[in-house]
Amino acid sequence: MPPPNEVFHGSTLLLRRRELSGKRVVVVGGGQSGAEIFLHLLSGACGPLGTLTWVTRRASIFALEDSPFVNEWFFPQHGDWFFDQSEAARKQTLERQSLASDGVNCSTLRAIYNTLYDREVHRQSYPAHVKVYVDTTAEDLRGMSPFRLDLRQRKTGTSSQHVADIVVLATGYRTEIPSFLEPIAGRLKVLNAPGGSQEIVVDKEFSARFDGPEKCRLYVQNGARLQRGIADTNLSLVPWRASQILNSIIGRVAYDCAPGTGVIEWSSVGFERAC
């Protein structure tokens with residue numbers, strides 16, 4: 001296993017002081033985290049690098065999609081509609097919505113582009129070599145500092161090998177059953193979600209399904225993306241989810257959680273007969 005200070009997840013980058021001057025660094029992942037890490041390193045926050053390479057399997061570095069109609073996906077009524085769909089339909093919907101949660105915000109994209117432009121004029125504080133690869137997968141990591149990293153261009157299948165001293169994995173996160181639930185893990189109903197995630201199966205009021213007494217309930221927040229939709233990890237809906245849960249606990253409607261009025265109708269489409 002490679003040393004944790006040489007191959008590490010992007011979430012740990014700022015947990016310690018890193019001096020990477022002269023190092024050959026590869027960042028894997030084209031979402032917001034990957035973009036911020038690339039900009040951080042490009043700007044010399046860890047010293048002037050020897051080489052900085054950014055790799056993503058996406059067809060480009062895409063902007064976050066947050067237009068008004070897309071934001072309708074983050075309304076409670078969309079989550080209720082999503083909950084009633086088949087698992088196959090949910091997976092397909094989440095794939096289509098990926099850029100609404102995992103694109104790069106425009107201010108970060110502009111900052112990267114401007115920094116790359118500035119590098120063409122003032123090279124002294126920037127990496128000596130910068131490469132950005134899109135539609136490319138990082139497939140194999142061999143050796144020990146320096147590492148040999150195999151990259152494959154997805155469209156053509158062409159492979160190339162890159163030497164790296166540091167590899168930063170901005171490859172996202174996955175949902176897992178919390179360790180504190182291990183004593184009852186075998187009694188919980190669990191489903192496998194994309195990306196290696198595991199989710200506790202919940203009902204519409206976020207109560208977990210398990211084989212215990214009906215009056216003993218366990219509620220889950222922010223852990224049911226495949227069941228409740230893209231907004232399940234969005235903190236702006238925490239008050240609404242908490243209200244749903246509190247209503248369920250006390251057995252009456254103390255908080256009005258009726259769906260707000262949105263522009264898009266998420267219920268089944270009906271047809272009226274013309275007169």
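As the structure is a computational prediction, the values presented were derived from the model and not from experiment.
Other residues, nucleotides and ligands contribute at most 12 non-hydrogen atoms within 6.0 Å of the CZ atom of Arg57. For CZ of Arg252, the number of neighbouring non-hydrogen atoms (other residues, nucleotides, ligands) closer than 6.0 Å is 12 at most. Other residues, nucleotides and ligands contribute at most 12 non-hydrogen atoms within 6.0 Å of the OH atom of Tyr255. Annotation: Lys204, atom NZ; neighbour count of heavy atoms from other residues, nucleotides and ligands within 6.0 Å is above 12. By the 6.0 Å contact criterion, CZ on Arg96 is open, its count of non-hydrogen atoms from other residues, nucleotides or ligands being 12 or less.
Across every non-hydrogen atom of Thr115 and Ala111, the tightest pair is OG1-O, 2.6 Å. Between Ile200 and Ala208, the shortest heavy-atom distance links the atoms CG2-CB, 3.6 Å. Nearest heavy atoms, Val26 versus Ala164: CG2-CB, 3.8 Å. Closest non-hydrogen pair, Ala45 versus Arg17, comes out as O-NH1, 3.9 Å. In terms of heavy-atom proximity, Pro183 sits nearest to Phe180 at CD-O, 3.5 Å. Of all the heavy atoms in Leu226 and Arg90, the pair that sits closest is O-CD, 2.9 Å.
Under the 4.5 Å side-chain heavy-atom criterion for ILVMFWY residues, a single connected hydrophobic cluster contains both Phe74 and Phe82. Both Val132 and Ile112 are assigned to one and the same hydrophobic cluster, defined by single-linkage of ILVMFWY side chains at heavy-atom distances under 4.5 Å. A single hydrophobic cluster is not seen to contain both Phe147 and Leu52; linkage of ILVMFWY side chains at heavy-atom distances under 4.5 Å, directly or through other members, places them apart. If you chain together hydrophobic residues whose side chains sit under 4.5 Å apart, Ile184 and Tyr219 never meet in one group. Under the 4.5 Å side-chain heavy-atom criterion for ILVMFWY residues, a single connected hydrophobic cluster contains both Val70 and Ile230.
Contact annotation: the side chain of Thr233 never approaches that of Tyr173 to less than 4.5 Å [non-hydrogen atoms, C-beta and beyond]. Using a 4.5 Å heavy-atom cutoff, the side chains of Leu41 and Ile37 are in contact. Taking 4.5 Å as the limit, every side-chain heavy atom of Asp150 sits out of range of all side-chain heavy atoms of Ser159. Within the 4.5 Å cutoff, the side chain of Gln221 has heavy atoms near those of the Ile245 side chain. Side chains of Ile264 and His78 form no contact here, defined as non-hydrogen atoms less than 4.5 Å apart. Side chains of Thr93 and Gln85 form no contact here, defined as non-hydrogen atoms less than 4.5 Å apart. Between Leu235 and Asn222, the closest side-chain pair of non-hydrogen atoms falls below 4.5 Å. Looking at Gln153 and Ser160, their side chains never come closer than 4.5 Å, going by heavy atoms from C-beta outward.
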Salt bridge (charged side-chain N to carboxylate O under 4.0 Å, His left out), that's the test. Do Arg187 and Asp211 meet it? Break it down for me. CA-CA 6 Å; Arg187 305 180 67 178; Asp211 66 358; 2.6 Å; yes

Ile166 vs Arg18, test: side-chain contact (heavy atoms from CB on, under 4.5 Å). Steps then yes/no. CA-CA 11 Å; Ile166 305 292; Arg18 299 180 189 272; over 6 Å; no

Is there a side-chain contact (heavy atoms from CB on, under 4.5 Å) between Phe38 and Val104 once you walk through the steps? CA-CA 12 Å; Phe38 179 77; Val104 183; over 6 Å; no

Given side-chain contact (heavy atoms from CB on, under 4.5 Å), test Arg228 with Phe206 step by step and report yes or no. CA-CA 9 Å; Arg228 297 294 317 208; Phe206 302 96; 3.8 Å; yes

Verify side-chain contact (heavy atoms from CB on, under 4.5 Å) between Phe8 and Val168, making sure each step is shown before the conclusion. CA-CA 5 Å; Phe8 53 90; Val168 187; 3.7 Å; yes

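For the pair Glu199 (side chain) and Ala193 (backbone), a donor-acceptor distance under 3.5 Å is absent. Listed for the Asp165 side chain is no donor-acceptor partner under 3.5 Å among the backbone atoms of Lys23. Checked by atom type and distance alone, the side chain of Glu65 pairs as donor or acceptor with a backbone atom of Ser67 at under 3.5 Å. Checking side-chain atoms of Asn247 against main-chain N and O of Val253 turns up no donor-acceptor pair under 3.5 Å. Remark: the backbone N or O of Leu39 is paired with a side-chain donor or acceptor of Ser43 at under 3.5 angstrom. Although no hydrogens or angles enter the test, the distance criterion places no donor-acceptor pair under 3.5 Å between the side chain of Gln198 and the main chain of Val190. Listed for the Ser86 side chain is a donor-acceptor partner under 3.5 Å among the backbone atoms of Ala89.
Atom CG of residue Leu191 and atom CD of residue Gln227 lie 5.0 Å apart, to the nearest 0.5 angstrom. Interatomic distance, CG of Asn5 versus OG of Ser145, reported as 8.5 Å (0.5 Å rounding). The line from CG of Leu169 to OG of Ser11 is 10.0 Å long, rounded to the nearest 0.5 Å. Distance CG/Asp66 to OG/Ser101: 12.0 Å, rounded to 0.5 Å. Note that CE of Met144 and CD of Glu6 are 6.5 Å apart. Values are rounded to the nearest 0.5 Å. A distance of 5.0 Å separates CZ of Arg225 from CG of Leu94, quoted to the nearest 0.5 Å.
Ring planes of Trp81 and Trp266: tilted class, angle from 30 to 60°.
Judged by distance alone, the side chains of Arg217 and Ser248 do bring a donor and an acceptor atom under 3.5 Å apart. A donor atom on one side chain and an acceptor atom on the other are not found under 3.5 Å apart for Arg58 and Ser98. In this model, a donor atom of one side chain and an acceptor atom of the other lie less than 3.5 Å apart for Thr108 and Gln32.
Residues meeting the salt bridge (Lys or Arg N to Asp or Glu O under 4.0 Å) test with Glu87, sequence neighbours left out: Lys91. Looking at residues two or more places apart in sequence or on another chain, you find a salt bridge (Lys or Arg N to Asp or Glu O under 4.0 Å) between Glu139 and Arg152.
A side-chain contact (heavy atoms from CB on, under 4.5 Å) with Leu188 is found for one member of Val220, Val201, Leu181 and no other, namely Leu181. Of the listed residues (Leu42, Val130, Val25), just one forms a side-chain contact (heavy atoms from CB on, under 4.5 Å) with Leu49, and that residue is Val25.
One finds no salt bridge joining Arg148 and Asp140 here, because no Lys/Arg side-chain nitrogen approaches an Asp/Glu carboxylate oxygen to under 4.0 Å.
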